[in-house]
2 protein chains.
Amino acid sequence: MSRKPDILKAAIELFAAKGYHATSTHEIAERAELSEGIIFYYFKTKEHIMLGILEDVFEAYIIGIYDAMEKTDNGWDAIRAYLEFHFRMRRERSTEILCLARDYPSTITNSDSPYNGGVRLYFKRLLELVGSALRQGQEDGTIRDCPVEETAFLIVCTLASFPKFDIIGLAPYTDLDSATEEFIHRVLSPLT
Amino acid sequence: MSRKPDILKAAIELFAAKGYHATSTHEIAERAELSEGIIFYYFKTKEHIMLGILEDVFEAYIIGIYDAMEKTDNGWDAIRAYLEFHFRMRRERSTEILCLARDYPSTITNSDSPYNGGVRLYFKRLLELVGSALRQGQEDGTIRDCPVEETAFLIVCTLASFPKFDIIGLAPYTDLDSATEEFIHRVLSPLT
DNA sequence: AATAAAACTGAGTGAGTACTCAGTTAATAG
DNA sequence: CTATTAACTGAGTACTCACTCAGTTTTATT
(Lines give C-alpha, C1' and ligand atoms only; values in the text may rest on other atoms or scores of the structure.)
Protein backbone atom coordinates (compact mmCIF):
# COMPACT_ATOMS: atom_id res chain seq x y z
CA MET A 1 0.00 0.00 0.00
CA SER A 2 1.51 3.27 -1.07
CA ARG A 3 1.62 5.92 1.59
CA LYS A 4 1.95 8.74 -0.91
CA PRO A 5 -1.28 10.34 0.34
CA ASP A 6 0.24 10.55 3.82
CA ILE A 7 3.10 12.57 2.41
CA LEU A 8 0.72 14.95 0.68
CA LYS A 9 -1.40 15.30 3.80
CA ALA A 10 1.61 16.11 5.96
CA ALA A 11 2.92 18.56 3.38
CA ILE A 12 -0.42 20.33 3.11
CA GLU A 13 -0.70 20.75 6.85
CA LEU A 14 2.83 22.05 7.23
CA PHE A 15 2.71 24.33 4.20
CA ALA A 16 -0.55 25.75 5.47
CA ALA A 17 0.85 26.36 8.92
CA LYS A 18 4.33 27.64 8.13
CA GLY A 19 4.55 28.15 4.39
CA TYR A 20 6.45 26.27 1.72
CA HIS A 21 9.92 27.65 2.34
CA ALA A 22 9.83 27.35 6.10
CA THR A 23 8.97 23.66 5.84
CA SER A 24 11.76 21.13 5.25
CA THR A 25 11.35 17.78 3.56
CA HIS A 26 12.72 16.32 6.79
CA GLU A 27 9.76 17.72 8.70
CA ILE A 28 7.29 16.41 6.15
CA ALA A 29 8.73 12.92 6.48
CA GLU A 30 8.68 13.18 10.26
CA ARG A 31 5.04 14.21 10.34
CA ALA A 32 4.05 11.47 7.89
CA GLU A 33 6.06 8.99 9.98
CA LEU A 34 8.17 7.97 7.04
CA SER A 35 11.80 8.28 6.11
CA GLU A 36 12.89 11.26 4.05
CA GLY A 37 14.07 9.11 1.15
CA ILE A 38 10.60 7.93 0.23
CA ILE A 39 9.50 11.50 -0.52
CA PHE A 40 11.88 11.58 -3.46
CA TYR A 41 10.71 8.19 -4.59
CA TYR A 42 7.23 9.64 -5.17
CA PHE A 43 8.13 13.25 -5.93
CA LYS A 44 11.02 14.32 -8.11
CA THR A 45 11.67 17.45 -6.07
CA LYS A 46 10.14 19.35 -3.18
CA GLU A 47 8.55 21.65 -5.74
CA HIS A 48 6.71 18.73 -7.24
CA ILE A 49 4.94 18.16 -3.93
CA MET A 50 3.61 21.72 -4.09
CA LEU A 51 2.71 21.23 -7.70
CA GLY A 52 0.76 18.09 -6.84
CA ILE A 53 -1.24 19.90 -4.18
CA LEU A 54 -1.86 22.79 -6.52
CA GLU A 55 -3.19 20.57 -9.26
CA ASP A 56 -5.46 18.64 -6.91
CA VAL A 57 -7.04 21.76 -5.51
CA PHE A 58 -7.39 23.62 -8.79
CA GLU A 59 -8.83 20.62 -10.55
CA ALA A 60 -11.42 20.15 -7.82
CA TYR A 61 -12.20 23.86 -7.87
CA ILE A 62 -12.74 24.12 -11.61
CA ILE A 63 -14.73 20.90 -11.85
CA GLY A 64 -16.81 21.84 -8.83
CA ILE A 65 -17.71 25.19 -10.34
CA TYR A 66 -18.51 23.61 -13.68
CA ASP A 67 -20.82 21.07 -12.07
CA ALA A 68 -22.52 23.66 -9.90
CA MET A 69 -23.11 25.96 -12.86
CA GLU A 70 -24.52 23.22 -15.04
CA LYS A 71 -27.42 22.64 -12.69
CA THR A 72 -28.65 26.21 -13.14
CA ASP A 73 -30.76 27.64 -15.92
CA ASN A 74 -29.86 31.30 -16.12
CA GLY A 75 -26.71 33.41 -15.97
CA TRP A 76 -27.14 35.00 -12.57
CA ASP A 77 -27.99 31.67 -10.95
CA ALA A 78 -24.82 30.26 -12.48
CA ILE A 79 -22.80 33.04 -10.89
CA ARG A 80 -24.56 32.44 -7.61
CA ALA A 81 -23.78 28.75 -7.83
CA TYR A 82 -20.14 29.66 -8.44
CA LEU A 83 -20.02 31.86 -5.38
CA GLU A 84 -21.75 29.25 -3.27
CA PHE A 85 -19.34 26.56 -4.35
CA HIS A 86 -16.39 28.85 -3.76
CA PHE A 87 -17.43 29.47 -0.18
CA ARG A 88 -18.26 25.84 0.46
CA MET A 89 -14.81 24.80 -0.73
CA ARG A 90 -13.24 27.55 1.34
CA ARG A 91 -14.86 26.00 4.38
CA GLU A 92 -14.39 22.33 3.57
CA ARG A 93 -10.85 22.42 2.23
CA SER A 94 -9.56 25.39 4.17
CA THR A 95 -6.16 23.87 4.92
CA GLU A 96 -5.33 23.21 1.28
CA ILE A 97 -6.45 26.69 0.29
CA LEU A 98 -4.41 28.25 3.06
CA CYS A 99 -1.45 26.28 1.79
CA LEU A 100 -1.86 27.74 -1.71
CA ALA A 101 -2.32 31.26 -0.41
CA ARG A 102 1.04 31.22 1.32
CA ASP A 103 4.45 31.48 -0.25
CA TYR A 104 4.90 29.57 -3.46
CA PRO A 105 8.23 28.72 -4.88
CA SER A 106 8.30 31.63 -7.27
CA THR A 107 9.12 29.32 -10.17
CA ILE A 108 5.56 28.05 -10.10
CA THR A 109 3.90 31.37 -10.82
CA ASN A 110 6.66 33.09 -12.81
CA SER A 111 5.39 33.53 -16.30
CA ASP A 112 8.67 32.28 -17.78
CA SER A 113 8.72 29.04 -15.79
CA PRO A 114 7.86 25.61 -17.16
CA TYR A 115 5.22 25.17 -14.46
CA ASN A 116 3.48 28.45 -15.11
CA GLY A 117 1.51 26.81 -17.89
CA GLY A 118 -0.42 24.89 -15.25
CA VAL A 119 -1.41 27.80 -13.05
CA ARG A 120 -2.18 30.09 -15.94
CA LEU A 121 -4.27 27.45 -17.63
CA TYR A 122 -6.36 26.87 -14.52
CA PHE A 123 -7.04 30.57 -14.17
CA LYS A 124 -7.87 30.85 -17.84
CA ARG A 125 -10.41 28.06 -17.51
CA LEU A 126 -11.85 29.79 -14.48
CA LEU A 127 -12.12 33.09 -16.30
CA GLU A 128 -13.80 31.35 -19.21
CA LEU A 129 -16.34 29.67 -16.95
CA VAL A 130 -17.24 32.93 -15.24
CA GLY A 131 -17.23 34.75 -18.56
CA SER A 132 -19.64 32.31 -20.18
CA ALA A 133 -22.02 32.61 -17.24
CA LEU A 134 -21.94 36.39 -17.64
CA ARG A 135 -22.64 36.12 -21.35
CA GLN A 136 -25.50 33.73 -20.71
CA GLY A 137 -26.96 36.15 -18.18
CA GLN A 138 -26.73 39.04 -20.58
CA GLU A 139 -28.72 37.02 -23.10
CA ASP A 140 -31.41 35.85 -20.72
CA GLY A 141 -31.68 39.25 -19.08
CA THR A 142 -30.54 38.31 -15.56
CA ILE A 143 -27.27 40.22 -15.89
CA ARG A 144 -26.77 43.75 -17.15
CA ASP A 145 -24.64 44.72 -20.11
CA CYS A 146 -20.98 45.12 -19.20
CA PRO A 147 -17.58 44.13 -20.61
CA VAL A 148 -17.54 40.37 -20.03
CA GLU A 149 -13.84 39.61 -19.78
CA GLU A 150 -12.97 42.48 -17.53
CA THR A 151 -15.92 41.85 -15.26
CA ALA A 152 -15.09 38.16 -14.97
CA PHE A 153 -11.51 39.09 -14.13
CA LEU A 154 -12.59 41.53 -11.43
CA ILE A 155 -14.93 39.02 -9.81
CA VAL A 156 -12.21 36.39 -9.72
CA CYS A 157 -9.81 38.99 -8.30
CA THR A 158 -12.20 39.79 -5.48
CA LEU A 159 -12.49 36.18 -4.37
CA ALA A 160 -8.80 35.42 -4.83
CA SER A 161 -7.64 37.72 -2.02
CA PHE A 162 -9.69 36.24 0.80
CA PRO A 163 -7.15 33.65 1.96
CA LYS A 164 -4.38 36.24 2.09
CA PHE A 165 -6.43 38.32 4.48
CA ASP A 166 -7.24 35.24 6.51
CA ILE A 167 -3.53 34.74 7.05
CA ILE A 168 -2.91 38.35 8.02
CA GLY A 169 -5.71 38.03 10.50
CA LEU A 170 -8.25 40.40 9.01
CA ALA A 171 -11.55 39.46 7.38
CA PRO A 172 -13.25 38.33 10.56
CA TYR A 173 -16.67 39.17 9.19
CA THR A 174 -19.42 36.93 10.41
CA ASP A 175 -21.18 36.65 7.11
CA LEU A 176 -18.74 37.31 4.32
CA ASP A 177 -20.54 34.85 2.06
CA SER A 178 -23.76 36.78 1.72
CA ALA A 179 -22.00 40.15 1.78
CA THR A 180 -19.99 39.01 -1.22
CA GLU A 181 -23.04 37.74 -3.02
CA GLU A 182 -24.77 41.08 -2.53
CA PHE A 183 -21.65 42.92 -3.67
CA ILE A 184 -21.45 40.91 -6.88
CA HIS A 185 -25.20 41.17 -7.33
CA ARG A 186 -24.99 44.95 -7.23
CA VAL A 187 -22.39 44.82 -9.98
CA LEU A 188 -24.37 42.52 -12.21
CA SER A 189 -28.05 43.17 -11.60
CA PRO A 190 -29.82 44.61 -14.64
CA LEU A 191 -30.77 48.29 -14.61
CA THR A 192 -34.48 48.62 -13.96
CA MET B 1 27.71 58.80 2.22
CA SER B 2 25.65 55.82 3.20
CA ARG B 3 24.85 53.48 0.36
CA LYS B 4 21.93 51.92 2.18
CA PRO B 5 19.52 53.05 -0.57
CA ASP B 6 21.60 51.11 -3.10
CA ILE B 7 21.07 47.96 -1.08
CA LEU B 8 17.33 48.55 -0.96
CA LYS B 9 17.21 49.28 -4.67
CA ALA B 10 19.09 46.11 -5.55
CA ALA B 11 16.94 44.06 -3.21
CA ILE B 12 13.73 45.46 -4.67
CA GLU B 13 14.80 44.67 -8.20
CA LEU B 14 15.88 41.15 -7.37
CA PHE B 15 12.90 40.35 -5.17
CA ALA B 16 10.62 41.62 -7.92
CA ALA B 17 12.33 39.51 -10.57
CA LYS B 18 12.90 36.27 -8.67
CA GLY B 19 11.13 36.52 -5.36
CA TYR B 20 12.45 36.82 -1.84
CA HIS B 21 13.53 33.25 -1.24
CA ALA B 22 15.23 32.78 -4.59
CA THR B 23 17.40 35.84 -3.94
CA SER B 24 20.51 35.53 -1.78
CA THR B 25 22.09 38.31 0.22
CA HIS B 26 25.21 37.61 -1.81
CA GLU B 27 23.38 38.53 -5.01
CA ILE B 28 21.98 41.69 -3.46
CA ALA B 29 25.48 42.81 -2.49
CA GLU B 30 26.80 41.94 -5.93
CA ARG B 31 24.12 43.97 -7.69
CA ALA B 32 24.63 46.93 -5.37
CA GLU B 33 28.38 46.62 -5.93
CA LEU B 34 29.07 46.27 -2.24
CA SER B 35 30.40 43.56 0.00
CA GLU B 36 27.94 41.25 1.67
CA GLY B 37 28.96 42.29 5.16
CA ILE B 38 27.62 45.82 4.82
CA ILE B 39 24.10 44.49 4.34
CA PHE B 40 24.10 43.26 7.92
CA TYR B 41 25.52 46.54 9.10
CA TYR B 42 22.36 48.28 7.92
CA PHE B 43 19.86 45.43 8.27
CA LYS B 44 19.72 43.05 11.20
CA THR B 45 18.59 40.13 9.02
CA LYS B 46 17.53 39.49 5.45
CA GLU B 47 13.94 39.68 6.61
CA HIS B 48 14.50 43.23 7.78
CA ILE B 49 15.32 44.24 4.21
CA MET B 50 11.93 42.98 3.11
CA LEU B 51 10.33 44.67 6.07
CA GLY B 52 11.96 47.95 5.10
CA ILE B 53 10.63 47.74 1.57
CA LEU B 54 7.22 46.81 2.82
CA GLU B 55 7.03 49.76 5.16
CA ASP B 56 8.20 52.23 2.53
CA VAL B 57 5.61 51.10 0.02
CA PHE B 58 2.71 50.81 2.43
CA GLU B 59 3.45 54.16 4.01
CA ALA B 60 3.53 55.84 0.60
CA TYR B 61 0.35 54.03 -0.40
CA ILE B 62 -1.66 54.99 2.67
CA ILE B 63 -0.45 58.59 2.71
CA GLY B 64 -1.03 58.92 -1.03
CA ILE B 65 -4.60 57.73 -0.69
CA TYR B 66 -5.20 59.99 2.27
CA ASP B 67 -3.92 63.03 0.38
CA ALA B 68 -5.87 62.18 -2.75
CA MET B 69 -9.08 61.71 -0.81
CA GLU B 70 -8.69 64.95 1.10
CA LYS B 71 -8.88 67.00 -2.07
CA THR B 72 -12.36 65.71 -2.86
CA ASP B 73 -15.67 66.89 -1.51
CA ASN B 74 -17.96 63.90 -1.68
CA GLY B 75 -17.79 60.18 -0.95
CA TRP B 76 -17.81 58.83 -4.48
CA ASP B 77 -15.15 61.26 -5.62
CA ALA B 78 -13.01 60.13 -2.68
CA ILE B 79 -13.34 56.52 -3.81
CA ARG B 80 -12.51 57.57 -7.35
CA ALA B 81 -9.44 59.43 -6.12
CA TYR B 82 -8.41 56.28 -4.25
CA LEU B 83 -8.73 54.16 -7.38
CA GLU B 84 -6.87 56.71 -9.45
CA PHE B 85 -4.03 56.88 -6.98
CA HIS B 86 -3.90 53.11 -6.77
CA PHE B 87 -3.48 52.78 -10.50
CA ARG B 88 -0.96 55.59 -10.69
CA MET B 89 1.17 53.96 -8.01
CA ARG B 90 0.81 50.63 -9.76
CA ARG B 91 2.34 52.23 -12.81
CA GLU B 92 4.97 54.40 -11.18
CA ARG B 93 6.25 51.99 -8.58
CA SER B 94 5.54 48.75 -10.34
CA THR B 95 8.79 47.07 -9.33
CA GLU B 96 8.23 47.60 -5.63
CA ILE B 97 4.67 46.38 -5.89
CA LEU B 98 5.72 43.31 -7.83
CA CYS B 99 8.24 42.65 -5.12
CA LEU B 100 5.54 42.70 -2.44
CA ALA B 101 3.21 40.51 -4.50
CA ARG B 102 5.74 37.72 -4.67
CA ASP B 103 6.74 35.35 -1.92
CA TYR B 104 7.08 36.86 1.50
CA PRO B 105 8.92 35.23 4.28
CA SER B 106 5.84 33.74 5.90
CA THR B 107 6.79 35.19 9.26
CA ILE B 108 5.85 38.64 8.00
CA THR B 109 2.22 37.86 7.32
CA ASN B 110 1.63 35.10 9.88
CA SER B 111 -0.82 36.43 12.40
CA ASP B 112 1.26 35.10 15.29
CA SER B 113 4.48 36.78 14.19
CA PRO B 114 5.98 39.91 15.73
CA TYR B 115 6.03 41.58 12.32
CA ASN B 116 2.41 40.89 11.54
CA GLY B 117 1.44 43.95 13.53
CA GLY B 118 2.89 46.09 10.76
CA VAL B 119 1.09 44.52 7.84
CA ARG B 120 -2.19 44.18 9.68
CA LEU B 121 -2.04 47.76 10.83
CA TYR B 122 -1.45 49.07 7.33
CA PHE B 123 -4.42 47.13 6.01
CA LYS B 124 -6.55 48.27 8.89
CA ARG B 125 -5.71 51.88 8.11
CA LEU B 126 -6.54 51.25 4.46
CA LEU B 127 -9.87 49.67 5.34
CA GLU B 128 -10.66 52.61 7.59
CA LEU B 129 -9.86 55.13 4.88
CA VAL B 130 -12.06 53.35 2.35
CA GLY B 131 -14.75 52.82 4.96
CA SER B 132 -14.89 56.48 5.90
CA ALA B 133 -15.20 57.48 2.24
CA LEU B 134 -18.12 55.07 1.90
CA ARG B 135 -19.79 56.49 4.98
CA GLN B 136 -19.30 60.01 3.71
CA GLY B 137 -20.84 59.02 0.37
CA GLN B 138 -23.83 57.49 2.06
CA GLU B 139 -24.42 60.75 3.90
CA ASP B 140 -24.02 63.02 0.90
CA GLY B 141 -26.02 60.71 -1.36
CA THR B 142 -23.29 59.79 -3.83
CA ILE B 143 -23.08 56.20 -2.57
CA ARG B 144 -25.93 53.81 -1.96
CA ASP B 145 -26.73 52.18 1.37
CA CYS B 146 -24.69 49.05 1.97
CA PRO B 147 -22.71 47.46 4.80
CA VAL B 148 -19.68 49.73 5.03
CA GLU B 149 -17.02 47.45 6.47
CA GLU B 150 -17.77 44.49 4.25
CA THR B 151 -17.95 46.64 1.14
CA ALA B 152 -14.65 48.34 1.95
CA PHE B 153 -13.08 44.94 2.47
CA LEU B 154 -14.38 43.64 -0.84
CA ILE B 155 -13.11 46.66 -2.77
CA VAL B 156 -9.67 46.32 -1.21
CA CYS B 157 -9.74 42.59 -2.01
CA THR B 158 -10.46 43.29 -5.65
CA LEU B 159 -7.49 45.61 -6.05
CA ALA B 160 -5.14 43.47 -3.99
CA SER B 161 -5.09 40.60 -6.47
CA PHE B 162 -3.93 42.50 -9.53
CA PRO B 163 -0.19 42.07 -9.05
CA LYS B 164 -0.56 38.33 -8.53
CA PHE B 165 -2.22 38.04 -11.90
CA ASP B 166 0.43 40.21 -13.44
CA ILE B 167 3.01 37.70 -12.30
CA ILE B 168 1.08 34.72 -13.62
CA GLY B 169 0.83 36.51 -16.92
CA LEU B 170 -2.89 37.16 -17.08
CA ALA B 171 -4.63 40.51 -16.81
CA PRO B 172 -3.40 41.89 -20.10
CA TYR B 173 -6.41 44.14 -20.43
CA THR B 174 -5.73 47.36 -22.20
CA ASP B 175 -7.83 49.50 -19.95
CA LEU B 176 -8.15 47.82 -16.58
CA ASP B 177 -8.22 51.18 -14.80
CA SER B 178 -11.51 52.38 -16.19
CA ALA B 179 -13.04 48.89 -16.19
CA THR B 180 -12.33 48.72 -12.47
CA GLU B 181 -13.76 52.15 -11.86
CA GLU B 182 -16.95 51.18 -13.66
CA PHE B 183 -17.10 47.92 -11.73
CA ILE B 184 -16.82 49.70 -8.38
CA HIS B 185 -19.20 52.38 -9.57
CA ARG B 186 -21.85 49.78 -10.32
CA VAL B 187 -21.47 48.46 -6.78
CA LEU B 188 -21.74 51.85 -5.14
CA SER B 189 -23.96 54.04 -7.31
CA PRO B 190 -27.20 55.03 -5.63
CA LEU B 191 -30.41 53.34 -6.73
CA THR B 192 -32.38 55.71 -8.89
C1' DA C 1 46.64 67.63 11.51
C1' DA C 2 44.62 64.69 14.84
C1' DT C 3 40.72 62.22 16.42
C1' DA C 4 36.51 60.01 16.31
C1' DA C 5 32.91 58.03 14.14
C1' DA C 6 30.76 55.98 10.23
C1' DA C 7 31.08 53.13 6.12
C1' DC C 8 32.83 49.27 4.23
C1' DT C 9 35.68 44.81 3.14
C1' DG C 10 36.46 39.94 2.56
C1' DA C 11 37.43 35.81 4.25
C1' DG C 12 35.35 32.83 6.92
C1' DT C 13 31.77 29.52 9.54
C1' DG C 14 28.36 26.66 10.99
C1' DA C 15 23.92 25.25 10.55
C1' DG C 16 20.59 23.47 7.65
C1' DT C 17 18.64 21.36 3.55
C1' DA C 18 17.33 19.11 -0.78
C1' DC C 19 18.43 15.14 -2.72
C1' DT C 20 21.03 10.29 -3.45
C1' DC C 21 21.74 5.54 -3.12
C1' DA C 22 22.89 0.95 -1.76
C1' DG C 23 20.52 -2.09 0.49
C1' DT C 24 16.19 -4.09 3.17
C1' DT C 25 11.41 -5.34 3.80
C1' DA C 26 6.70 -6.07 2.19
C1' DA C 27 3.37 -7.13 -1.27
C1' DT C 28 2.05 -9.50 -5.55
C1' DA C 29 2.06 -12.91 -9.14
C1' DG C 30 3.12 -17.28 -11.34
C1' DC D 1 7.61 -21.69 -2.77
C1' DT D 2 10.01 -18.49 -5.92
C1' DA D 3 10.70 -14.49 -8.48
C1' DT D 4 9.63 -9.88 -9.39
C1' DT D 5 8.27 -5.62 -8.45
C1' DA D 6 6.96 -1.96 -5.35
C1' DA D 7 7.57 0.38 -0.95
C1' DC D 8 10.62 1.96 2.18
C1' DT D 9 15.01 2.95 5.16
C1' DG D 10 18.83 5.61 6.98
C1' DA D 11 23.07 7.18 6.64
C1' DG D 12 25.20 10.03 4.03
C1' DT D 13 26.82 14.23 0.74
C1' DA D 14 27.46 18.24 -1.56
C1' DC D 15 26.22 22.64 -1.32
C1' DT D 16 24.05 26.92 -0.30
C1' DC D 17 23.27 30.75 2.41
C1' DA D 18 22.49 33.98 6.20
C1' DC D 19 25.28 36.00 9.21
C1' DT D 20 29.97 37.31 11.86
C1' DC D 21 34.04 39.79 12.78
C1' DA D 22 38.60 41.66 12.89
C1' DG D 23 40.47 44.92 10.51
C1' DT D 24 40.72 48.88 6.78
C1' DT D 25 39.21 52.96 4.39
C1' DT D 26 36.48 57.02 4.12
C1' DT D 27 34.13 60.97 5.99
C1' DA D 28 33.14 64.45 9.42
C1' DT D 29 34.67 67.29 13.40
C1' DT D 30 37.51 70.24 16.13
Side-chain angles (χ1 to χ4, degrees), chain A residues 1-56 99-100 102-110 113-115, chain B residues 1-56 99-100 102-110 113-115:
Chain A
M1 310 261 88
S2 160
R3 294 185 55 194
K4 191 178 171 185
D6 293 6
I7 298 172
L8 275 173
K9 186 167 170 274
I12 288 167
E13 288 167 0
L14 288 166
F15 289 168
K18 325 193 328 173
Y20 175 86
H21 290 100
T23 303
S24 68
T25 49
H26 179 79
E27 280 176 290
I28 296 173
E30 208 173 25
R31 177 170 257 252
E33 290 178 313
L34 284 166
S35 73
E36 206 176 340
I38 196 67
I39 290 181
F40 298 92
Y41 174 72
Y42 288 116
F43 300 94
K44 234 171 118 178
T45 67
K46 187 187 171 192
E47 243 177 62
H48 281 82
I49 306 176
M50 191 67 180
L51 231 55
I53 299 169
L54 199 135
E55 268 167 34
D56 279 2
C99 156
L100 294 191
R102 285 196 180 278
D103 55 333
Y104 288 136
S106 52
T107 47
I108 287 183
T109 38
N110 264 8
S113 111
Y115 304 128
Chain B
M1 309 257 89
S2 162
R3 294 186 55 196
K4 191 179 171 185
D6 293 6
I7 298 172
L8 275 173
K9 187 166 168 274
I12 287 166
E13 288 166 0
L14 288 167
F15 290 168
K18 327 193 326 175
Y20 174 86
H21 289 101
T23 303
S24 68
T25 49
H26 178 80
E27 281 176 288
I28 297 172
E30 208 173 26
R31 177 170 257 254
E33 291 177 311
L34 284 166
S35 72
E36 205 175 340
I38 195 68
I39 290 180
F40 298 93
Y41 174 71
Y42 288 115
F43 300 93
K44 234 171 117 178
T45 69
K46 187 187 172 193
E47 245 178 58
H48 281 81
I49 306 176
M50 190 67 180
L51 230 56
I53 299 169
L54 200 135
E55 266 167 36
D56 279 1
C99 156
L100 294 190
R102 283 195 182 279
D103 55 331
Y104 288 136
S106 52
T107 45
I108 286 183
T109 39
N110 263 6
S113 111
Y115 304 128

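Lettering follows sequence order; numbering is per chain, from 1.
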Rounded to whole Å, how long is the line connecting atom CG of B:Asp6 with atom P of C:dA7? 13 Å
Does B:Glu13 pair with B:Lys9 as a salt bridge, N-O distance under 4.0 Å? yes
Euclidean distance, A:Glu36 CD relative to A:Ser24 OG, rounded to 0.5 Å: 7.0 Å
Residue set satisfying ring-ring contact (aromatic ring centres under 6.0 Å, His included) with A:His48, at least two apart, ordered chain then number -> A:Tyr115
Under a 4.0 Å heavy-atom criterion, the protein footprint on nucleotides 9-30 of chain C, written with B, S and -, is BB------SBBB----------
I'd like to know if the side chain of A:Asp103 and the backbone of A:Tyr20 have a donor-acceptor N/O pair within less than 3.5 Å. yes
What distance separates B:Ser35 OG from B:His26 NE2, expressed to the nearest 0.5 Å? 11.0 Å
Straight-line distance of A:Tyr104 OH to B:His21 NE2, nearest 0.5 Å: 15.0 Å
Could you check how far CD of B:Glu30 sits from C1' of D:dT16, rounded to whole Å? 15 Å
Difference in axis direction between the ends of the helix from C:dA1-D:dT30 to C:dG30-D:dC1, five pairs, 10°: 20°
To the nearest 0.5 Å, how far apart are CD1 in A:Ile49 and CD1 in A:Ile28? 4.5 Å
Calculate, to the nearest 0.5 Å, the distance between atoms CZ and NZ belonging to B:Phe43 and B:Lys4 respectively. 5.0 Å
